[in-house]
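Following: one structure in structure tokens, then a few remarks.
Computation of the quantities below employed the complete heavy-atom set of this structure, encompassing side-chain atoms and omitting hydrogens, waters and symmetry-equivalent molecules.
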Amino acid sequence: MSLVNKLKFRINEDSDRFSELPEDIIHYILSFLPIKDVVRARILSKTWKSLNNSYEIMLDLHYDHNSFALELLLDSEIEPEIDEIRDKFMHYADNHLSRVVQQQIPVLKLAVNVAVIGSEFCGVNHLMELVRKARVEELSIFVQTQDFHWYDDEVVFDEGIILYEFPYSITEAKWLRSLTLQGCKFISNNNSGMYSSLQQLYLSQVLLFSDEALSNIANCCPEIEVIEFDCCFFRIDNLKLSKFPKLKKATVKGDHSNLQSVDITETNLESFWCNSLDLDCLMNLAACSNIRELKLKQCNIGLDLLKDLTTYFPLLENAKLSSVIPYTEVLDRITVANPHLRSLKLLFDRVIQEISINCPKLSHFDYTGAGFEEVYLDCPRLRTCYYDSREVPRLILLDSPTDMQYNFYRFDVDYKLDKSWFISIRKFLEQIARYNTADGFVLDEFEGVQAFKPKNVHLQVQILYGGPETNQFSTAFVDGLVWITRPTTLSVGCDCYHFVKYLCEKIAEKSRDSSCCDQQLCSKYWWHNISDFEVKHKEKDMTQNLASLVEMTKQSRRGLSGRLRPVDLMPFHFKFEWHSIERQPQH
């Protein structure tokens with residue numbers, strides 16, 4: 001039970017007596033609480049609510065050289081020199097922070113953004129001494145120097161590079177729980193202090209020159225639970241995270257010069273994020289067994305982990321894997337049967353033969369990539385599904401709720417598609433609609449082929465290029481697509497003139513013909529099966545003005561710059577009602 005909960009229990013038990021405590025006693029009690037808990041504690045009694053004035057707390061204190069310089073330039077008739085701006089800023093920051101320290105005012109978040117000319121770090125060191133004495137829980141330090149943009153330039157990486165060397169000697173900062181450093185460097189230092197309370201460490205564009213420097217950080221911060229490396233420079237090949245024995249969450253992102261691998265073996269992580277191009281992630285079964293959140297992008301992992309996420313990650317709840325298959329490797333199957341998994345997002349740039357997902361708690365599935373030949377989804381609690389692929393799955397078996405909030409499938413189409421593509425789409429729709437697959441489908445010979453009758457099919461067609469073959473392609477594509485789907489709604493956009501033109505011509509001829517329709521649904525012309533329709537351009541009703549609608553498609557094809565306007569991506573909306581056998585009108 002936390003100290004706040006204990007206090008809350010005692011106050012609720014005998015609130016009148018606690019409210020009668022002298023103010024200095026209450027202040028003394030508050031001095032032992034983390035600042036966040038002090039803020040919460042003020043709601044416990046009327047007496048504590050009145051402490052806003054008598055017990056001052058600063059939630060956010062920010063010393064920003066850039067903002068200070070801008071205000072000074074706006075207020076000055078004569079533009080001050082750079083040295084003058086720096087001196088005035090340091091004087092202001094020193095005086096203000098000195099008063100905070102002298103009055104012992106707790107600060108929840110302190111951010112220091114300092115600009116240094118050359119290698120004059122005396123002012124920064126003095127400011128760090130004040131920071132050391134302040135009661136701060138979350139500290140952020142950013143030191144701008146002439147070499148700060150080392151990651152953009154060809155800089156000679158030696159210990160003489162002009163970056164602020166962060167002192168290990170802020171040992172009295174016993175309240176510090178979160179530390180963010182940007183634009184600093186760590187060099188091996190045997191005079192290691194102890195950040196005994198530090199739990200979160202964020203390093204951005206920081207230089208670590210040796211494995212010993214990293215070990216010193218670990219020794220200084222024995223309680224670290226969260227660590228992040230963002231675009232840091234290492235003079236080591238392997239980042240071994242087991243140096244931090246209590247680590248629960250680790251993030252490695254951005255370009256890390258020289259670093260070749262990050263090793264999480266011998267750790268007990270609950271969350272691991274890695275987004276770093278071609279960085280090898282070294283894992284083993286023991287290290288993965290406690291991971292609940294896994295996000296990997298553009299890095300390399302062992303294929304065994306991908307083939308069977310269940311064995312390696314038994315407690316996984318949230319997974320996002322993007323471009324993690326090495327180009328030299330071949331992956332034919334992915335199996336996911338995690339009982340705790342709630343969200344799964346995948347992005348692979350190559351066709352994989354099969355994916356099998358059997359997750360009773362999975363609510364969100366998102367896939368983008370070249371495609372799977374076979375898809376097996378057994379997810380009874382699935383709420384959203386997004387599937388964006390270049391290829392239509394040859395086989396898909398779904399066990400998912402019928403009342404899903406979002407169920408979206410997107411496939412790329414080129415001008416060279418043949419009848420097999422429409423057959424694949426038809427089979428795909430039949431499978432996800434739980435229909436039995438019918439035999440055959442001939443695009444140019446509708447007669448004799450039973451029409452597919454799915455429900456609530458919502459199509460979006462985006463034609464990105466209208467070349468000379470568009471006219472012929474649009475005719476066949478409209479015929480095949482509408483015939484196999486019988487959509488409830490159809491949204492069309494981009495370079496869609498020929499598509500919309502042919503579609504409007506056919507729905508204008510929707511009246512039935514007794515010579516081919518008789519008592520059954522028409523198997524020759526799909527437009528004979530339309531009982532009613534509605535057409536809109538954006539929000540304007542165009543049902544009775546199809547000719548004008550077709551003309552509008554010319555105007556919204558492409559702007560003068562050659563770029564599509566966002567408002568014109570999907571401007572044309574068709575809504576259909578279809579005849580059924582039960583309500584077939586007599587001829």
Working to the nearest 0.5 angstrom, can you tell me the gap between Glu374 CD and Leu395 CG? 5.5 Å

For the pair Thr310 (side chain) and Val336 (backbone), establish whether a donor and an acceptor sit closer than 3.5 Å, ignoring hydrogens and angles. no

Heavy-atom side-chain proximity of Leu208 to Ile217 below 4.5 angstrom: yes

Donor-acceptor pair, side chain of Trp578 and main chain of Thr488, under 3.5 angstrom: no

Looking at Glu223 and Arg177, is any side-chain nitrogen of the basic one under 4.0 Å from a carboxylate oxygen of the acidic one? no

Side-chain donor/acceptor of Arg292 to backbone N/O of Asn290, under 3.5 Å: yes

Does NZ belonging to Lys249 count more than 12 external heavy atoms closer than 6.0 Å? yes

The residue among Trp273, Phe234, Tyr202 that forms ring-ring contact (aromatic ring centres under 6.0 Å, His included) with Phe229 is Phe234

CG-NZ distance between Asn275 and Lys295, expressed to the nearest 0.5 angstrom: 11.0 Å

So do Phe533 and Trp527 actually touch side chain to side chain, heavy atoms under 4.5 Å? no

Using 0.5 Å steps for rounding, measure from the SG atom of Cys299 to the NZ atom of Lys253. 14.0 Å

Could you tell me whether a side-chain N or O of Asn338 sits under 3.5 Å from a main-chain N or O of Phe313, the two making a donor and an acceptor? yes

Would Arg383 and Asp403 count as a side-chain contact (heavy atoms from CB on, under 4.5 Å) here? Give the steps. CA-CA 8 Å; Arg383 305 305 301 156; Asp403 60 344; 3.4 Å; yes

For Asp479, is there an ion pair with Lys506 - N to carboxylate O distance below 4.0 angstrom? no

How far apart are the closest heavy atoms of Cys232 and Gln205, and which atoms are they? SG-N, 4.1 Å

Candidate pair Tyr386 and Phe408, rule ring pair (Phe, Tyr, Trp, His ring centres under 6.0 Å), full reasoning: CA-CA 5 Å; Tyr386 179 88; Phe408 182 88; 5.2 Å; yes

Distance only, no hydrogens: is a donor on one side chain within 3.5 Å (strictly under) of an acceptor on the other, for His573 and Ser491? yes

Calculate, to the nearest 0.5 Å, the distance between atoms CG and CG belonging to Leu306 and Leu321 respectively. 6.0 Å

Note: Phe411 and Pro393 closest approach over all heavy atoms is CE2-CD, 3.6 Å

Under the side chain to side chain donor-acceptor pair (under 3.5 Å) criterion, do Glu138 and Ser178 qualify, and how do the steps go? CA-CA 5 Å; Glu138 300 178 17; Ser178 176; 5.2 Å; no

Run the side-chain donor-acceptor check on residues 341-353: report pairs under 3.5 Å with partners two or more places apart or on a different chain.
| from | atom 1 | to | atom 2 | distance (Å) |
| --- | --- | --- | --- | --- |
| Arg350 | NH1 | Glu329 | O | 2.3 |
| Arg350 | NH2 | Pro326 | O | 3.0 |

If you take all heavy atoms of Pro314 and Ser289, which pair is closest and at what distance? CG-O, 3.6 Å

Does Val324 reach the side chain of Leu305, with side-chain heavy atoms less than 4.5 Å apart? no

Can you establish whether the number of heavy atoms outside Glu391 located under 6.0 Å from its atom CD is more than 12? no

Kindly give the heavy-atom pair with the smallest separation between Ile227 and Ile224, and that separation in Å. CB-CG2, 4.3 Å

Is it the case that the side chain of Thr267 and the backbone of Ile264 share a donor-acceptor pair, with hydrogens and angles ignored and the cut-off at 3.5 Å? yes

Validation row: Asn529, Trp483 side chains within 4.5 angstrom (heavy atoms): yes

Working note: Val226 + Phe244, criterion side-chain contact (heavy atoms from CB on, under 4.5 Å); need CA distance, chi angles, decisive distance, verdict. CA-CA 9 Å; Val226 178; Phe244 303 89; over 6 Å; no

May I ask you to test the Phe574-Cys504 pair for a side-chain heavy-atom distance under 4.5 Å? yes

Is atom NZ of Lys501 surrounded by more than 12 heavy atoms (other residues, nucleotides or ligands) closer than 6.0 Å? no

With rounding to the nearest 0.5 angstrom, report the CG to CD distance, Leu203 to Glu228. 8.5 Å

If you define the side chain from C-beta out and look only at heavy atoms, does anything of Leu549 sit under 4.5 Å from Val500? yes

Validation row: Asn258, Ile236 side chains within 4.5 angstrom (heavy atoms): no

Step by step, work out the side-chain contact (heavy atoms from CB on, under 4.5 Å) result for Leu239 and Leu279. CA-CA 11 Å; Leu239 176 61; Leu279 190 68; over 6 Å; no

Is there a side-chain contact between Leu382 and Tyr406 in this structure, where contact means two heavy atoms from C-beta onward sitting under 4.5 Å apart? no

Looking at every heavy atom in both Pro380 and Cys359, which two are closest together, and how far apart are they? CD-O, 4.2 Å

Verify, without hydrogens or angle tests, whether Ser389 (side chain) and Ala370 (backbone) share a donor-acceptor contact under 3.5 angstrom. yes

Arg410 and Asp412 ion-paired at < 4.0 Å: yes

Under the side-chain contact (heavy atoms from CB on, under 4.5 Å) criterion, do Met283 and Leu296 qualify, and how do the steps go? CA-CA 12 Å; Met283 309 179 186; Leu296 305 176; 3.9 Å; yes

Can you name the closest pair of heavy atoms from Thr265 and Ser242 and give their distance? O-CB, 3.7 Å

Taking atom types as modelled and ignoring hydrogens, do the side chains of Asp280 and Gln260 form a donor-acceptor contact shorter than 3.5 angstrom? no

Glu551 CD to His537 NE2 distance, which is reported to the nearest 0.5 Å: 12.0 Å

